[in-house]
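Throughout, a chain's letter reflects where its sequence line sits, starting with A, and its residues are numbered from 1.
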Amino acid sequence: MASAAESLERRDFIRAIVAEDLKAGTHDGRVVTRFPPEPNGFLHVGHAKALGLSFGIAEEVPGARCHLRFDDTNPETEDEAYVEAIKRDVAWLGYDWGEHLYFASDYFPKMYEFAEHLVREGNAYVDSQTEDEIREGRGTVTEPGRPSPFRDRTVEENLDLLRRMRAGEFSDGAHVLRGKIDMASPNMLLRDPVLYRIRHASHYRTGDEWCIYPLYDYAHPIEDALECVTHSLCTVEFEINRALYDWVVENIPVECRPRQYEFARGNLDYTVMSKRMLLTLVKERYVRGWDDPRMPTVAGLRRRGFTPESIRAFWERMGVAKTQSRVDMGKLEFAIRDDLNAKAPRVLCVLRPVRVLITNYPDGGSEEIEAASWPHDVPREGSRRLPFSGEIFIDDDDFREDPPADWKRLAPGRAVRLRHGHVIRCDEVVRDDAGAIRELRCSYAPDSISSEPPSGWEVGGAIHWVDAEGSLSCEVRLYDRLFTVPAPDVEAAESGRDFTDFLNPDSLVVVENARIEPSVADDPPGSRYQFERLGYFISDEEDSAPGRLVFNRTVTLRDTWSKRGGSAAGERRRARQPERGPDLSAEEHRRLRQAAAPERPPELESRRRRFESELGLDAEDAELLTRDAATADFFAAAVGAGAPPARTANWLINELPRHAGDRALGELPFGGHAFGALMALVEDGTLSGAIGREVLAEMAESGAEPGAIVDRRGLRQIADASSLEPVIDRVVAANQNKAAEYRAGRTALLGFFMGQVMKETGGKASPELARRLLEERLGRSADR
RNA sequence: UCCCCGGUCGUCUAAUGGCAGGACGGAGGACUUUGGAUCCUCUAAUGGUGGUUCGAAUCCACCCCGGGGAACCA
């Protein structure tokens, strides 16, 4: 068991929780997670994050597992086709659910049985109000709800009604089953949530067997409990649902006690992730389908050429936290380039061909060039042959008649190396009648393939090319971001426009007449390449066919030449910061509140004055301590036991609440007297503040006397220089480099040294003294 | 408006009262038969105001900002 806990790296707060549960043996040392998609759409990259968490943890902990469970409780939107698509995507990402494939719909009988149980226990009732009446009765965020007139039906009546609901005696909406919780709860979900509704609809798996269907908040915890899931991980918007989740699990007869934890969902720049919007894009034909390479779906990414490894690595680098975030596209692009650099063989492809005639090449001559498929820094073997003759194509982009100063490509009178081939120089530009470039006339330096050209040929850079005769025609699809703004959903909501208004018209550019080297002719669809200097590409699995080559651009190469600007997301965030005036200080707010506060009872008011005049408390402390009688009594008892008033007030206000947790003063296992004794120990220097806090923590836990705790644990502080100096010397001697840095001006390191001294002394060093000695010792220049 | 959750370099994320660190991006340089890759250097942050503490991103108070919440969706 310990080894299982150790194998889990605490990479994020969820894994930390799992590791701690493992250590504490919380779920008998078991770890079971689950991934619960509803089969009403395709998986997207955001789901890949959730997959990486739930399946990732299962992979990392020996003996753990992750269930793939279809949460199919709504017959109206779900479909078998989505089940298959989701299974395919999960498997493609490399996650293995083994035997553990489940369907919520398989639990319908059990869920119904539990519903009767809830009714019998008085925890649920059949409500016969209309949908509108129920909504109305729920109240608002500021007003409590009103109980339904049907709330107090007898168990017998409820049971009878529920059975008849199930038997199909009622029409849709005639009745619902509601949990009987709390109509006044600030959490609206707890105001008697609907558990079951009548819906005479065919379910894709259970057909017409059921005419009542459970709702998410009721079904999900049951699914988890029945499967003995231990850590039910979901996104933060379900945080409020947790209270209801816990209520359900506590009120049904199940063995296992799953816990729900929430993390931030994975959002990406320049796309949308909501199922509704994705469905709109597909249905209204803004894209070619769920697997359109511009879609953020797993299927889209796959067709675009992303690897499962890159997607997993991407989310692993992103981490898991609870802050809402919108990740840079650039990070996803980094992940795929990083992966493909070592996986995609290099080939040459010319997107927009310009004909180049090599005038000094032997007439009708040709040769074959052996070209390595991998650059020098990728340790892989392999090569192919490139045909070369006196007539080739280069890319439009690689020729400029009037180039900028730092141009490294072809221009009149300039020379470039043809990648893997000869060096050529442009002698003449031939135009057609319309003035467009028809061909470039160049000369080449013979025998310059694997050697430097003769002097006089100043080579700027290397460009890609293909042989005019020996190359193949192909179609290349260039993809760009689907939307023109980083957050189309937010933009739409704020501007009142539709999110489709922000679609990027250039998200797909089809290049029909590209030319590619012939070596790729017989590769299977789905082959990935780097088209040198252009990017990573994949042959399209749908549209490629023998004799018809179609490539999708996965991502461009990083381009430090024609670089783009900074992060648009950041600019946007800054732009949205509204103007506002200066904040009121905390002090001003306190005064305002106090002015508005009702008069306190005279008894407390007179104690306040006495605390202030007789005990010398400052006005604010006195006020705080006399807000209620219990606090005032507690304080008085402490002072009565000989405690110093000022320090006691300070600790009562600042330290005690932390250790009390939710407990009221009266519920603590110690009283004002013991607290006063602790204060006396701090006051006379027996304890430092830090140790005092530690003792207080133990008192709050066990109720033991402070003196007893101090004696048993030997906690007296070390406050004499003669005992502390050797420690200081040791610490400084052991960290000579840091000491030098400190002396050089990095005084923040004092905290580091203080920490070391505290560690050495078990926290018992007097901090004031330790700090003074340390400053003294470090302040001196290095002694020899 | 009430309840819940958040707020750390431009972005994502570490730091469980003790050195604000890493990654992406950006800038500069080295190298280069890909303006790729790699390597080096640099850049840049704790929302605000108070408080507690020897010491606060971390604890407390108030404020500000963002997200979620009044489906018979999940």
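With P as the reference atom, rC2(B) and rC12(B) are 29 Å apart, rounded to whole Å. The separation of rG21(B) from rA45(B), taken at their P atoms, amounts to 11 Å, rounded to a whole angstrom. The separation of rU16(B) from rG67(B), taken at their P atoms, amounts to 30 Å, rounded to a whole angstrom. Atom name P, nucleotides rC54(B) and rA14(B): the rounded distance is 31 Å, in whole Å. The gap from the C1' atom of rU34(B) to that of rG18(B) amounts to 49 Å, rounded to the nearest Å. Taking atom C1' in both rG17(B) and rG55(B), one finds a spacing of 8 Å when rounded to whole Å. Rounded to a whole angstrom, the distance from the C1' atom of rC19(B) to that of rU11(B) is 25 Å. For the C1' atoms, the distance from rG47(B) to rC9(B) is 14 Å, rounded to whole Å.
Among the heavy atoms of the strands, none lies under 4.0 Å from Val378(A). If you check every strand for non-hydrogen atoms under 4.0 Å, Tyr196(A) touches nothing. Nucleic acid contact class of Gly689(A) (heavy atoms, under 4.0 Å, all strands): none. Looking at heavy-atom distances under 4.0 Å, His420(A) makes contact with a base. Using a 4.0 Å heavy-atom distance criterion, Asp406(A) is classed as a base contact. Within the 4.0 angstrom heavy-atom criterion, base atoms lie near Gln129(A).
Taking only side-chain nitrogens and oxygens, Thr323(A) never comes nearer than 4.0 Å to OP1 or OP2 of rG67(B). Remark: Thr140(A) is not in phosphate contact with rC2(B), judged by side-chain N or O atoms under 4.0 Å from OP1 or OP2. Put simply, Arg135(A) has a side-chain N or O that comes within less than 4.0 Å of OP1 or OP2 on rA71(B). A sub-4.0 Å separation between OP1 or OP2 of rA74(B) and a side-chain N or O of Thr73(A) is present. Remark: Arg138(A) is in phosphate contact with rC72(B), judged by side-chain N or O atoms under 4.0 Å from OP1 or OP2.
Between Arg10(A) and Glu20(A) a salt bridge is recorded (basic side-chain N to carboxylate O distance below 4.0 Å). With respect to Asp338(A) and Arg317(A), a salt bridge is recorded, a charged nitrogen being found less than 4.0 Å from a carboxylate O. A salt bridge is defined here as a Lys NZ or Arg NE, NH1 or NH2 lying under 4.0 Å from an Asp or Glu carboxylate O, and Glu655(A) with Arg658(A) meets this definition.
Distance, His659(A) NE2 to rC59(B) C1': 10 Å, rounded to whole Å. Note: OH (Tyr218(A)) to P (rA74(B)) measures 14 Å, nearest angstrom. For the pair Leu724(A) CG and rC54(B) C1', the interatomic distance rounds to 12 Å; values are reported in whole Å. Protein atom CG of Leu348(A) is 13 Å distant from nucleotide atom C1' of rG36(B), rounded to whole Å. Atom CG of Asp269(A) and atom C1' of rG10(B) are 11 Å apart (whole Å). In this structure, Asp377(A) places its CG atom 9 Å from C1' of rU32(B), rounding to the nearest Å. As a whole-Å value, the separation of Glu694(A) CD from rU16(B) P is 17 Å. Taking atom CD1 of Ile336(A) as the reference point, atom C1' of rA23(B) lies 18 Å away to the nearest angstrom.
Side-chain atoms of Arg409(A) come within donor-acceptor range of the base of rG35(B), with a qualifying N/O pair under 3.5 Å. The base of rG36(B) is not paired with the side chain of Asp559(A) by any donor and acceptor separated by under 3.5 Å. Looking at Arg326(A), its side chain has no donor and acceptor atom pair within 3.5 Å of the base of rU11(B). A donor and an acceptor atom never sit less than 3.5 Å apart when one is taken from the side chain of Arg558(A) and the other from the base of rU34(B).
The shortest heavy-atom contact between Ala219(A) and Thr73(A) is CB-CG2, 3.8 Å.
Within the 6.0 Å centre-distance limit, the rings of Phe531(A) and Phe537(A) are counted as a close aromatic pair. Under the 6.0 Å cut-off for aromatic ring centres, Tyr218(A) and Tyr196(A) qualify, their centroids lying closer than that.
A cation-pi geometry, defined here as NZ or CZ lying under 6.0 Å from the six-membered ring centre and within 45° of its normal, does not hold between Lys322(A) and Phe263(A). For the pair Arg409(A) and Trp561(A), the cation sits on the ring face: its NZ or CZ lies under 6.0 Å from the ring centre, inside 45° of the axis.
Side-chain polar atoms of Gln530(A) and Glu532(A) form no donor-acceptor pair below 3.5 angstrom. Side-chain N/O atoms of Ser232(A) and Arg34(A) include a donor and acceptor closer than 3.5 Å.
Look at rG21(B): its Watson-Crick or wobble partner, with both distances under 3.5 angstrom, is rU13(B).
Base orientation of rA14(B): anti (glycosidic angle beyond 90° from 0).
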I'd like a list of close polar pairs between nucleotides 17-20 of chain B and the protein, N/O only, cut-off under 3.5 Å.
unit_1  : atom_1 : unit_2    : atom_2 : d
rG18(B) : N3     : Gly751(A) : O      : 3.4
rC19(B) : O2     : Lys738(A) : NZ     : 3.3
rC19(B) : O2     : Arg746(A) : NH2    : 2.9
rC19(B) : N3     : Lys738(A) : NZ     : 2.0
rC19(B) : N4     : Lys738(A) : NZ     : 2.7

